[in-house]
Amino acid sequence: MKALFIGFGNVGRTIAKILSTEKDLFPGMSRLAGLMPIGIITRSRGSVVDPCGIDFSLALENFGREGSFSEGIPGFTRISGEEASSVLDYDVLVELSTLSIENEGEPATTHIRNALAGGRHAVSANKGPVSFSYRELSELAIKAGKKFLFETTVMDGAPVLNLCRSCLEGCTIGSVDGIFNSTTNYILTRMEEGADFDDAVREAQVAGVAEADPRNDIDGWDAAAKVSVLANVVLGGNITPLDVERKGISGVSRREVERASLSGRKLKLVCRAWKEGGKVFGKVGVEEIPRDHPFSLVSGGGAVIRIHTDLMGPVLVTQEKPGLYDTAYGVLNDLLSLSVSSP
């Protein structure tokens with residue numbers, strides 16, 4: 001498979017390491033030995049394109065020297081993601097750019113739209129296109145006879161969407177809930193341990209759990225996007241993050257955390273999506289959870305989802321201390337499914 005990568009941040013570079021310099025550590029990835037990256041496109045850090053294939057290890061070396069691709073290296077170009085996804089020759093788009101709430105999933109949605117319209121598969125770690133344009137993009141994929149896959153958009157590499165679509169076949173899912181944002185869970189856990197809000201945020205940034213600009217997490221937008229993904233993909237809805245009732249953790253004080261703790265409870269940013277009266281709804285908000293509740297057992301950067309069905313359930317999937325390799329695995333799992341199921 002010829003692959004076009006848009007985005008080469010932490011997740012993209014981790015994928016590159018797994019498939020090149022660290023390939024001997026992960027023998028299960030040998031099935032992707034035929035994956036040939038023909039382009040690595042970034043928005044502001046340069047890009048490289050080579051129709052004959054890019055050596056991931058060299059790309060990592062070149063990027064690592066300056067934190068960008070610089071002029072003078074083989075294949076250097078300043079092509080945009082929109083142009084690359086339209087004109088380059090590739091079999092699968094791997095969309096790894098960052099979530100944009102303010103632009104309602106763009107430009108990632110355009111990248112994926114271009115790929116599918118051109119008869120290519122699309123794999124995305126960016127939840128924006130799924131949360132804002134799932135119905136359009138899934139219909140495009142069906143029309144093209146191609147796959148649009150995005151397992152890593154909800155809980156890193158945990159097989160949440162695959163579980164719902166494949167392993168729970170025949171069940172009707174009525175609702176899902178859980179803790180989907182690891183940054184806020186880390187911050188609230190540290191506040192339980194005595195840290196102030198601002199200190200907890202800085203610690204999360206140092207630990208690599210929070211972005212330099214953590215507002216999407218703290219204000220609940222990342223969680224709302226994940227709720228939209230589940231609402232649309234699992235429950236058959238058609239909502240966006242803007243439709244999700246949302247309140248983040250920015251107003252939570254250490255006193256509130258302490259008060260909940262004294263009453264035998266914990267504060268958690270809980271995400272919910274459910275069907276009611278033929279409609280699908282979503283909500284994100286801070287809730288007091290009893291200490292014996294399974295959500296209370298998820299600490300630090302962990303995550304959990306609970307799936308309520310008519311025949312099975314509730315089914316819980318928990319994730320402890322997810323990191324970059326977990327997120328990278330979700331993308332790689334999607335690529336593995338393409339390597340065995342598609343021409």
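Positions are given from 1, in the same order as the sequence printed here. Worth knowing before you read on, the calculation uses all heavy atoms, side chains too, and leaves out hydrogens, waters and symmetry mates.
- Considering only heavy atoms from C-beta on, Leu230 stays 4.5 Å or farther from Leu235 through its side chain.
- For Arg215, the CZ atom is loosely surrounded, since the number of other residues' heavy atoms within 6.0 Å does not exceed 12.
- Distance check, rounded to the nearest 0.5 Å: CG of Leu335 to OH of Tyr329 gives 11.5 Å.
- Listed here is the closest heavy atom pair of Phe148 and Ala141: CB-CB, 3.9 Å.
- In the displayed structure, Arg43 atom CZ is contacted under 6.0 Å by at most 12 heavy atoms of other residues, nucleotides or ligands.
- Hydrophobic clustering of Ile, Leu, Val, Met, Phe, Trp and Tyr side chains at less than 4.5 Å, counting indirect connections, keeps Ile179 apart from Leu267.
- Salt-bridge check for Lys143 with Glu139: failed, with every basic side-chain N at 4.0 Å or more from each acidic carboxylate O.
- Shown here for Ala204 and Ile187, the closest heavy-atom pair between the two residues is CB-CG1, 4.3 Å.
- A side-chain donor-acceptor contact under 3.5 Å links Asp326 to the backbone of Gly323.
- Judged purely by atom type and a 3.5 angstrom limit, Asp243 has no side-chain atom pairing as donor or acceptor with the backbone of Ile239.
- Between Glu83 and Arg78 there is no salt bridge, since none of the side-chain N atoms of the basic residue sits less than 4.0 Å from a carboxylate O of the acidic one.
- For the pair Arg246 and Trp221, the distance from NZ or CZ to the six-membered ring centre is under 6.0 Å and the angle to the ring normal is within 45 degrees.
- For Glu169, the CD atom counts as loosely surrounded, since its 6.0 Å shell holds 12 or fewer non-hydrogen atoms of other residues, nucleotides or ligands.
- Lys226 and Asn181 form no side-chain donor-acceptor contact under 3.5 Å, judged by distance and modelled atom types alone.
- Within a 6.0 Å radius of CD in Glu192, other residues, nucleotides and ligands contribute more than 12 heavy atoms.
- Here the side chains of Val227 and Val284 are in contact, with some heavy-atom distance below 4.5 Å.
- The nearest pair of heavy atoms linking Leu332 to Ile15 is CD2-CG2, 4.0 Å.
- The two residues Gly237 and Arg135 have their closest heavy-atom pair at O-NH2, 3.4 Å.
- Contact check on Lys2 versus Asp91 returns no salt bridge, with no Lys/Arg side-chain nitrogen under 4.0 Å from an Asp/Glu carboxylate oxygen.
- Asp55 places a side-chain N or O within 3.5 Å of a backbone atom of Ser57 that can act as its donor or acceptor partner.
- Note that CG of Leu163 and CD1 of Ile305 are 8.5 Å apart. Values are rounded to the nearest 0.5 Å.
- In this structure, Asn238 and Tyr134 have side chains that are not in contact, with every pair of non-hydrogen atoms separated by 4.5 Å or more.
- Here the straight-line distance linking atom CD1 of Ile6 with atom OG of Ser85 works out to 5.0 Å at 0.5 Å rounding.
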Item to complete: Evaluate the criterion salt bridge (charged side-chain N to carboxylate O under 4.0 Å, His left out) for residue pair Asp177 and Arg306; output intermediate values, then yes/no.
Response: CA-CA 5 Å; Asp177 55 5; Arg306 182 171 58 174; 2.7 Å; yes

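- The side-chain contact (heavy atoms from CB on, under 4.5 Å) with Phe150 is formed by just one residue from the set Val123, Val331, Val233; it is Val233.
- With no hydrogens or angles considered, no side-chain donor-acceptor pair links Asn114 and Glu82 at under 3.5 Å.
- Side-chain polar atoms of Ser124 and Asn126 form no donor-acceptor pair below 3.5 angstrom.
- Under a 4.0 Å N-O distance rule, the pair Lys127/Asp222 qualifies as a salt bridge.
- The number of heavy atoms from other shown groups lying within 6.0 Å of CD (Glu258) is above 12.
- Without hydrogens or angle criteria, Thr153 side chain to Ala125 main chain gives no donor-acceptor distance under 3.5 Å.
- Interatomic distance, OG1 of Thr318 versus CG of Leu316, reported as 7.5 Å (0.5 Å rounding).
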Worksheet item: ring-ring contact (aromatic ring centres under 6.0 Å, His included) between Phe69 and Phe63: does it pass, once the steps are laid out?
Response: CA-CA 5 Å; Phe69 294 118; Phe63 194 91; 5.0 Å; yes

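- Without hydrogens or angle criteria, Thr77 side chain to Ile79 main chain gives a donor-acceptor distance under 3.5 Å.
- Two residues are said to be in side-chain contact when any heavy atoms from C-beta on lie closer than 4.5 Å; Leu93 and Arg120 fail this criterion.
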Worksheet item: Are Lys268 and Glu288 close enough, and set up right, to give a salt bridge (charged side-chain N to carboxylate O under 4.0 Å, His left out), and what steps lead you there?
Response: CA-CA 7 Å; Lys268 297 290 185 183; Glu288 288 192 8; over 6 Å; no

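- Using cut-offs of 30° and 60° for the angle between ring planes, the Phe56 and Phe8 rings count as parallel.
- Within 6.0 Å of NZ on Lys275 lie more than 12 heavy atoms contributed by other residues, nucleotides or ligands.
- Residues Met29 and Ile54 share a hydrophobic cluster, clusters being chains of Ile/Leu/Val/Met/Phe/Trp/Tyr side chains in contact below 4.5 Å.
- Under 3.5 Å, the side chains of Glu95 and Ser97 contain a donor-acceptor pair of N or O atoms.
- Distance check, rounded to the nearest 0.5 Å: CG of Asp217 to CG of Asn185 gives 11.5 Å.
- Salt bridge annotation for Glu287-Arg272: present, with a cationic side-chain nitrogen under 4.0 angstrom from a carboxylate oxygen.
- A heavy-atom distance below 4.5 Å is found between the side chains of Ser250 and Asp219.
- Using a distance-only test at 3.5 Å, with no hydrogens or angles considered, a donor-acceptor pair links the side chain of Glu256 to the main chain of Ser253.
- A salt bridge between Arg45 and Glu66 is absent, with no side-chain N of the basic residue lying under 4.0 Å from a carboxylate O of the acidic one.
- No side-chain N or O of Ser337 forms a donor-acceptor pair with one of Asp334 less than 3.5 Å apart.
- Within 6.0 Å of CD in Glu245 there are 12 or fewer heavy atoms belonging to other residues, nucleotides or ligands.
- Listed for the Asp310 side chain is a donor-acceptor partner under 3.5 Å among the backbone atoms of Thr172.
- In this structure, Gln319 and Val304 have side chains that are not in contact, with every pair of non-hydrogen atoms separated by 4.5 Å or more.
- Annotation: side chain of Leu137 is in contact with side chain of Pro129 (closest heavy-atom distance under 4.5 Å).
- Of the possible donor and acceptor atoms, none in the side chain of Asp156 sits under 3.5 Å from a partner among the backbone N and O of Thr152.
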Worksheet entry | Stepwise side chain to side chain contact (heavy atoms under 4.5 Å, CB included) check, Met1 with Leu338 | CA-CA 9 Å; Met1 286 191 297; Leu338 289 180; 4.0 Å; yes

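- With hydrophobic clusters built from ILVMFWY side chains whose heavy atoms lie under 4.5 angstrom apart, Tyr325 does not share a cluster with Met155.
- Under the 4.5 Å side-chain criterion, counting only non-hydrogen atoms from C-beta, Val252 is in contact with Ile249.
- Nearest approach of Ala231 to Ala273, heavy atoms of both residues: CB-CB, 4.2 Å.
- Using a 4.0 Å cut-off between a side-chain N of Lys or Arg and a carboxylate O of Asp or Glu, Arg190 and Glu193 qualify as a salt bridge.
- A donor-acceptor distance shorter than 3.5 angstrom exists from the side chain of Asp50 to the backbone of Cys52, with no hydrogens or angles considered.
- Across all non-hydrogen atoms, the minimal contact from Val280 to Gly236 is CG2-C, 4.5 Å.
- Of the possible polar contacts, none joining the Gln205 side chain to the Ala210 backbone as a donor-acceptor pair under 3.5 Å is found.
- Taking CD from Glu104 and OG from Ser100, the interatomic distance works out to 9.0 Å, rounded to the nearest 0.5 Å.
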